[in-house]
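No hydrogens, no waters, no symmetry mates; every other heavy atom, side chains included, goes into these values.
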Amino acid sequence: MIPASFDYHRASTLQEAFTFAQEYGEDAKYLAGGHSLIPMMKLRFSEPAHIIDISRIQGLKYIKEEDGILKIGALTTEADLEFSDLCHDKYPILVDVSKLIGDPSVRNKATVGGNLAHGDAANDHPAVMLALKANIVAEGPNGTHNIPVDEFFKGFFETALEQHDILIEIQIPATKAGNGGAYNKIERKVGDYATSGVAVNLTVDTSDTVVDIGIGLTNVNPVPMRVSRAEEALKGNKLTQELIEKAGKIAGEDCSPTADLRGSEDYKRSITKELTIRTINKAWERAKASL
Amino acid sequence: MKKEVTINVNGTSYTEEVEPRLLLVHFIRENLELTGTHIGCDTSHCGACTILLNGDSVKSCTIFTVQADGAEIATVEGMMQDGKYHPLQEAFKEYHGLQCGFCTPGMLMRAIDFLKHNPDPTEEEIRWGISSNLCRCTGYNNIVIAIEKAAEKMREVEVETVA
Amino acid sequence: MEFTCKTSKEIGGMGHSLKRREDDRFIQGKGNYVDDVKLPGMLYMDIVRSPYAYAKIKSINTEKALAIDGVITVITGKDLEEHNLHWMPTFLSDTQMVLPTDTVMYQAQEVACVIATSRYIAADAVEAVEVDYEPMKPVMDPHKALDPDAPVLRTDKEGKKDNHIYHWENGDREKTEEVFKNADVVVKEQIYLPRIHVASIETCGCVADYQTATKKMTVYMTTQAPHAVRTVVALVAGHVGLSEERIRIISPDLGGGFGGKVPIYPGYIVAITATFLIGKPVKWIEDRTENLQADSFARDYDMTCELAATKEGKIQAFRIKTLADMGYTDGSANPSKYPAGMFSICTGSYDYSTAFAEVDAVYTNKPPGGIAYRCSFRVTEAAHAIERMVDILAQKIGKDPAELRMENFIKKDQFPYKSALGWEYDSGDYHAGLEKAMNMIGYDELRKEQVEKRAKGEYMGIGICTFTEIVGAGPSKDFDILGLKMFDSAEIRVHPTGKAIARFGTKSQGQGHETTYAQIIAEELGIPAEHITIEEGDTDTAPYGLGTYASRSIATAGAAAAIAARKLRDKARKIAAYLLEVSEEDLEWEPGKFSVKGAPEKSKTIQELVFAAYTNYPPGMEGGFEAVHYYDPPNLTFPSGAYICVVDIDGKTGAIKVRRFVAIDDCGNIINPMIVQGQIHGGLTQGIAPAMYEELIYDDEGNILNGSFMDYLVPTAVESPKWETDHVVTPSPHHPLGAKGVAESPTVGAPPAIVNAIVDALSPLGVTHVEIPVTPYKVWKILKEKGVVD
Amino acid sequence: MKVSIDKNFEIAQPVSKVWEYLLDPYKVAECVPGVKLTEKISETEYKGDVGLKLGPVNASFNGVITYAKVDEVAREIHLVGKGVDKKGKGSVEMALEMKLQESGNVTMVNTTMNVTVIGVMAQFGSRLISDVSDHIFKQFVENFQTLLAGKEIDDQDKQIHGGAVAGTVVKSITSKLTSGVKNIFSKKDKKEENENE
């Protein structure tokens, strides 16, 4: 498998990347880790005439808390998340998800920004960021803008990024007492896309009442989706297994999976329900532990 | 349009003009004639092409050579130091962690990176740790054992590695 | 009975876990695989493949491709037709297109080959070749292939009026019918083993190098059977001047084979043709997608199985009717006399005298093949059928499957045992094997745990498989491939200083022949194994042999090595008698030396005797120390195994966890225990793979839907459980070393053990059978059907 | 692989007008994302270029659109669009059967769309084909409604362009859940034939 020829441009600053992007327009593609784009190019499904390598742009690789916000630079690799002490201590959901993306070697190269910017509902970070109610920071030739994650996934393989935009940072409200998150997915084998994946970020008070909740789903909808109705069912209520079961049921109903080699639509709905129940419980366990 | 790249492989620096689309695995195998790094699947699933790029295990079939410009790369050919096997090489032989040998170089490179992050792993952790690499011959049992044993040895003695 | 080593560790004969000789180059990255071969002026070949499963080729326009700088030529079927090279024989005497002249018969079939100065240019040129197709509706379902109105696919065969390839049967139809009519209990099940692919991590390829000056063709090729390939190439291309003495096939290190590197693929022949026409070396290496889409498959047997028994569970008869989907040509490498291979082993490890088996094979629009997946000649299918049916019987009459097996096993003292379908099983102790497996896994405790789990609504299953394998093809009286008798060979040449080189007609793909063969010779001659170099895979130097597949190397070439070494030992005895001035009968052998009976101080080491063979041998004796043997086995060997598997199933999601897997194998005497254990581990993983993960999936339009590792699910270390292994040993009575062969046993035995465990777990729901691969999705569907999940 | 989609939708236009538009291949082509007619072969056959753009994926096809059945009395029309990948990777066929019914000032359109994909796209894109087909169909319906309403189709919507289409997906899901309005694009009515049984 050999990709078609292209011209290569390495940007050392965002500005330089925009200049290349504006010059080559539709014929250009940004390349960060490359683990979504390069396989497509090797299959010659994608034959961009110009590749703009943004992986060397300085200052886009970090995981830090600042002003009550967890900030993740877009060029942070999945492995960076997996081995981040900060994530281990305070954001286990990010460790959960990074450990389930691709495989260990893929995670050394694949970036969080790339995973999101690809706009593929089968990728794992979209669901997690929906659950975490993240804010996506994009920068383009005309400056920086914030995109709430709910507005980011506009459609099928389509994000709110403007043509020359580069996703530069993901912002997540910093974790606090009573907050716990978890991600899990069912996959046919290691490295596969999720048959279904569920991300839950939950905040409870000392009486187990849900103060805040985010639930996102992977690969059971054409577009990464939040299960709003399940969130509404839980929010403000005291958590019980019955309620969690109800939330799971809603997740199974509200997703819109497509049958493929992984299984039928019914199967995916059913396991989404079960996975939602289990993941809420896991998040709850963590939330209680943080109180 | 060709690009000039300078890449350090196993301690030797190489400067060459390459087509941007030249895959790193082909650069290593064909331009540098280091054929220990293999190609098994082309889609980044099998791990036969695993090398260390600035110390991290990566699949060189899914990286363009131009992306590695300025990088330090280690391949299986760089594992021996002063004519001596790396503990992982030794353990793979001792515990029969290979059969046809085709996945072995990639498996070894992956194991180096894995043990760097987790020098005292459980069996389960090793299994997840090498899940990036397919082996069709060994059934993995002995690879897992070899990595366990090598880790033991590496905890005892400081090993100079290519990484 | 355990094997005890007769040689010292220094000599390293049989029974020693010698570290492998080949490993040093592999762990240094210094193996030499086909894609590592680089020759001066080498060109690269890439292949244009058909997107359609069945289509007429209206035209091929190569203009744009030829215009690309660096493209040397594009070869089409029409070009080959000019030299009459467009068809070739398969190993089972069918015919196969090298490149099509008018019709493509499966998706990804080779349509044209581009030769260029680099891989990259060749890939560009493949996209630039314009082929105009007229697609036709493909025949994908083997059952529909036999419909009277199905299109006849092989119009190239004169007079062919349907898609039926062959009917093969064995056993007594009437008597079987009779037993079934009168039986207390009859169980019946439709069992389908889908298409799977070996997916060795190294794909196939070659470097073909024709030197016009010497008229010599050297081909470095991923082949498990280099000699057979040489003969076929000579048969295909002899008329253009490639006669057999001018062809040298070199099979360098192989990155796994498992049968997938037995067939001769069109790519090889086109590369050979290309170098012949151009006069420069041509390299062709397929990528994974090409490999999965077009190379030889395995299984695809749809079997209707019936077992008759008394109400107490005494098995009385077995009947099996099979439809085999061969794809567009019968590309299997079965012995001529047995088009369905050794399927007759389907009567299993049990003592009953009546059986009837039949197989009908059909053409469809799928790629050809038929055996390749670490399985000797349809034994996996046969074992799956009987081992499932025995469990179904146990379930039906409410008997523990272990007990039912124990009661029906052929007894140790019944060997040699003539099976209902005519094979003569050489040896075995099935009771001992199963008992050992049950003790090792703690069978009784597990059954107790299962009762408790079931009471709580949990799904835990215990699965047993006690299979009998049949390997070592085969005796020349009825085994041949394309007329070539299936013996194998060894040639041993010992140098004056007592160091040796031995060459074989087989070809290791990871089995460790360089170590094991040396151990056999060490065992017989007492020359330390480390002083014996083993060479395989070069047709110019090695004696003729049929190659390595179907667990046959130790059974055939291993025996040849032992006998050739014994010939040399006899010569050494003569020299010793001469040097020690005693008669041969007065000499005693111990590994490494002859000594005079009663006077052990009077002795000659093998090294001294070899040296004498070059310096001081008896008058009239031929000098040198060299022997060759072509071994024609008197019978096949019958390894066996008792496997037990424990699974836990998630009642909500259908997820299956293999908790434990114990494998007790009987492969006769063991040459290198470490290597044998490694073979079993690998084979078990290639058993769990089709049982739970792998399957080639086609749709009605002829698309293969999972032609890459993205969807063809080869297990990683996470999916593969920790294997627990041990042995019982019943030596083969007719093999010179008492060995039987082992590599394919675990692939044969693991799938039924796993399926039996899964069915056992689900049996409270009334489940009696599940088709492989048993995925969580399939289990979920059962749970849903039974109302366990919604 | 084959995906079959059955859909009913309403157009707030009289049946005669809808029928007239459907008979005009250039109008139909304008509504199908990525399609551009280039040549009339006969009264019922037209050649065209088809471009598909999805995320980083680009494909282009040589297409032929055929009016396979035109039954004015029954108001039934069968359109078949065939595209052969320009680089030999395979082909796509889209068979669209539409039946119109007048009800008041509104035209009810009963549609069955069968999409058959052969070649590399079926092998690697199987997880996406049914969603892509769904989107193309939705986009066609939206464009067709726009055109009938006498408005210009947005240039972007002439391509297979996730944005607008998926917007409707998100909206329709929301509407399904919150107001209980019948979602015309509900996936329930889609038959899958690629499911691995």
- line: Honestly, the part of Ile277(A) sitting under 4.5 Å from a heavy atom of chain C is neither

task: Measure distances from Glu47(A) to the heavy atoms of chain C and classify the residue's part below 4.5 Å as side chain, backbone, both or neither.
output: side chain

- request: Using modelled atom types only, decide if a donor and an acceptor are shared between the side chain of Lys189(A) and the backbone of Glu719(C) within a distance under 3.5 Å.
  value: no

- prompt: Taking only heavy atoms into account, what residues of residues 64-73 of chain C are found under 4.5 Å from chain A?
  reply: none

- prompt: So which of Lys268(A), Met1(A), Arg44(A) has the biggest tally of heavy-atom pairs under 4.5 Å with chain C?
  reply: Arg44(A)

- request: Find the one option among Asp103(A), Val190(A), Ile271(A) whose heavy-atom pairs under 4.5 Å with chain C are most numerous.
  value: Val190(A)

- request: Return yes when atom CD of Gln241(A) has more than 12 non-hydrogen atoms of other residues, nucleotides or ligands closer than 6.0 Å, and no otherwise.
  value: yes

Under 4.5 Å from any heavy atom of chain A - which part of [X]:
X: Asp790(C); answer: both
X: Glu127(C); answer: side chain
X: Asp287(C); answer: side chain

Nearest non-hydrogen partners of [X] and [Y], listed with the distance:
X: Asp650(C); Y: Arg278(A); answer: OD2-NH1, 2.7 Å
X: Ile2(A); Y: Tyr120(C); answer: CG2-CD2, 3.1 Å
X: Leu261(A); Y: Leu705(C); answer: CD1-O, 3.5 Å

- line: Of the listed Val126(C), Asp46(C), Val718(C), Asp124(C), the one with the largest count of heavy-atom pairs under 4.5 Å with chain A is Asp124(C)

Could you give the distance from [atom1] ([X]) to [atom2] ([Y]), rounded to the nearest 0.5 Å?
X: Ser270(A); Y: Lys652(C); atom1: OG; atom2: NZ; value: 9.0 Å
X: Leu783(C); Y: Tyr267(A); atom1: CG; atom2: OH; value: 10.5 Å
X: Tyr777(C); Y: Thr195(A); atom1: OH; atom2: OG1; value: 11.0 Å

message: Assess whether a salt bridge exists between Asp711(C) and Arg188(A), defined as any Lys/Arg side-chain N lying under 4.0 Å from an Asp/Glu carboxylate O.
response: yes

